[in-house]
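Single-structure report; data block below.
Because only heavy atoms are used, hydrogens play no part in the values below, and waters and symmetry mates are left out as well, while side chains stay in.
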Amino acid sequence: MISGHTKIYAVLGHPIGHTLSPVMHNRAMKALQMDAVYLALDVPPDEVRTCLDAMRIMSFGGLNVTIPLKEKVIEVMDELAPSATLLGAVNTIEFRDGKLIGHNTDGVGFLKASQSAFGESIDGKTVFVLGAGGAGRAVALTAASAGASAVTVADIDEARASKTVEEIKSAAPTCNTSFVKAGSDEAKQACLASDWVVQASPLGMKPDDPAPMEAGWFRDGQCLFDLIYMYPETVTMKEAASAGARCSNGLGMLMEQGAEAFEVWTGRTAARHEMMCALQEAVYK
Ligand code: NAP
């Protein structure tokens, strides 16, 4: 029931109709019997400052921020948490004592979901990341900062992969890092040599997409984490599993980044099981 005390939470983006965040957060709020509601609001980049000022006055409980606002909102924040500083982007806004604090839970979402899927941490692992866009860059930087011994970044755009590698060198100087061109034999060898492989390219989102990495890129004992979450088993997971790798899709990462945001806003333990069930019902129907 909406009451005069209902606390408002929201995700801001442009466009925003596709978002799954309301599904999981409203389920979590219901599970914890909170007098709260989570909405999806379309905010054009030029209006984001005006909107955030208004939301501060209206005592919003907390916000998520998605494409194309993740970098844009930084200039409006009063403070940045270390997670947002590391990634140069904000996906979670906390209202604390009238101040806007920018956080980024994408990295910890990846770390928690992969640890939960594989039963081991990324610390000391060699990691191959395919795709250096927004998500791949966040994963590569987080993996290096969380103690991965080596991170190789591959992208069809070599300049983008190279830029991510320079950022890793600066943020995690002890991590052994390099870039390769996606699809090359060098990339295949680097993938085969790695303990963990992260698929962060968009290939596999459409049902008839080919796998960006075939079975010959994988081996027994490896772990593949595919960020794509719209299928229980993605096309890359099929290839990797046939070579003996353990595999996970990205739905757990989507849930964990949301759960971490929920905990930043409320200080309460998020209802992870309910959030995951809500996502599975919405995505796999
Ligand atoms: P993005 O910003 O568009 O980045 C994708 C990157 O991959 C781009 O640099 C792109 O290059 C490159 N690329 C395209 N085809 C490639 C290929 N065959 N091999 C290697 N690199 C290739 O997208 P994003 O936001 O990072 O998202 C990437 C994927 O992660 C999407 O499937 C998205 O749904 C998923 N994702 C999942 C979560 C989660 O919580 N599970 C969170 C965020 C994103 P070009 O730009 O030159 O094409």
- Message: Within the 4.5 Å heavy-atom criterion, are Glu256 and Arg272 side-chain neighbours or not?
- Response: yes

Does any pair with a residue in [range] pass ring-ring contact (aromatic ring centres under 6.0 Å, His included), and if so which ones, sequence neighbours excluded?
{"range": "residues 241-273", "result": "Tyr9-Trp265, His25-Trp265"}
{"range": "residues 204-259", "result": "Phe110-Phe225"}
{"range": "residues 174-214", "result": "Phe118-Trp196"}

Would you find a donor on one side and an acceptor on the other, under 3.5 Å apart, between the side chain of [X] and the backbone of [Y]?
{"X": "Asp209", "Y": "Gly204", "value": "yes"}
{"X": "Glu79", "Y": "Ala81", "value": "no"}
{"X": "Asn64", "Y": "Asn91", "value": "yes"}

- Looking at OG1 of Thr105 and NZ of Lys112, how far apart are the two atoms once the value is rounded to the nearest 0.5 Å? 10.5 Å

- Note on the structure: So OG1 of Thr6 and CE of Met29: to nearest 0.5 Å the spacing works out to 11.0 Å

- How close do Ala143 and Val151 get, heavy atom to heavy atom, and via which atoms? CB-CG2, 4.3 Å

Selection [range] - residue pairs positive for side chain to side chain donor-acceptor pair (under 3.5 Å), sequence neighbours left out:
{"range": "residues 130-140", "value": "Arg137-Glu167"}
{"range": "residues 243-255", "value": "Glu120-Arg246, Asn249-Tyr284"}
{"range": "residues 176-195", "value": "Thr126-Asp195"}
{"range": "residues 138-153", "value": "none"}

- Task: For Asp123, check side-chain contact (heavy atoms from CB on, under 4.5 Å) against everything at least two apart and list the hits.
- Result: Ser121

- Message: If hydrophobic residues (ILVMFWY) are linked whenever their side-chain heavy atoms come closer than 4.5 Å, directly or via other members, who joins Val73 in its cluster?
- Response: Ile2, Ile8, Leu12, Val37, Leu39, Leu41, Val43, Val48, Leu52, Met55, Met58, Phe60, Leu63, Val65, Leu69, Ile74, Val76, Met77, Leu80, Val90, Ile93, Phe95, Leu100

- Task: Please identify each residue that fulfils salt bridge (charged side-chain N to carboxylate O under 4.0 Å, His left out) with Lys72, with sequence neighbours left out.
- Result: Glu75

- Taking only residues two or more places apart in sequence, or in another chain, which ones meet Asp155 in a salt bridge (charged side-chain N to carboxylate O under 4.0 Å, His left out)? none

- With Gln222, which residues qualify under side chain to side chain donor-acceptor pair (under 3.5 Å), at least two apart? none

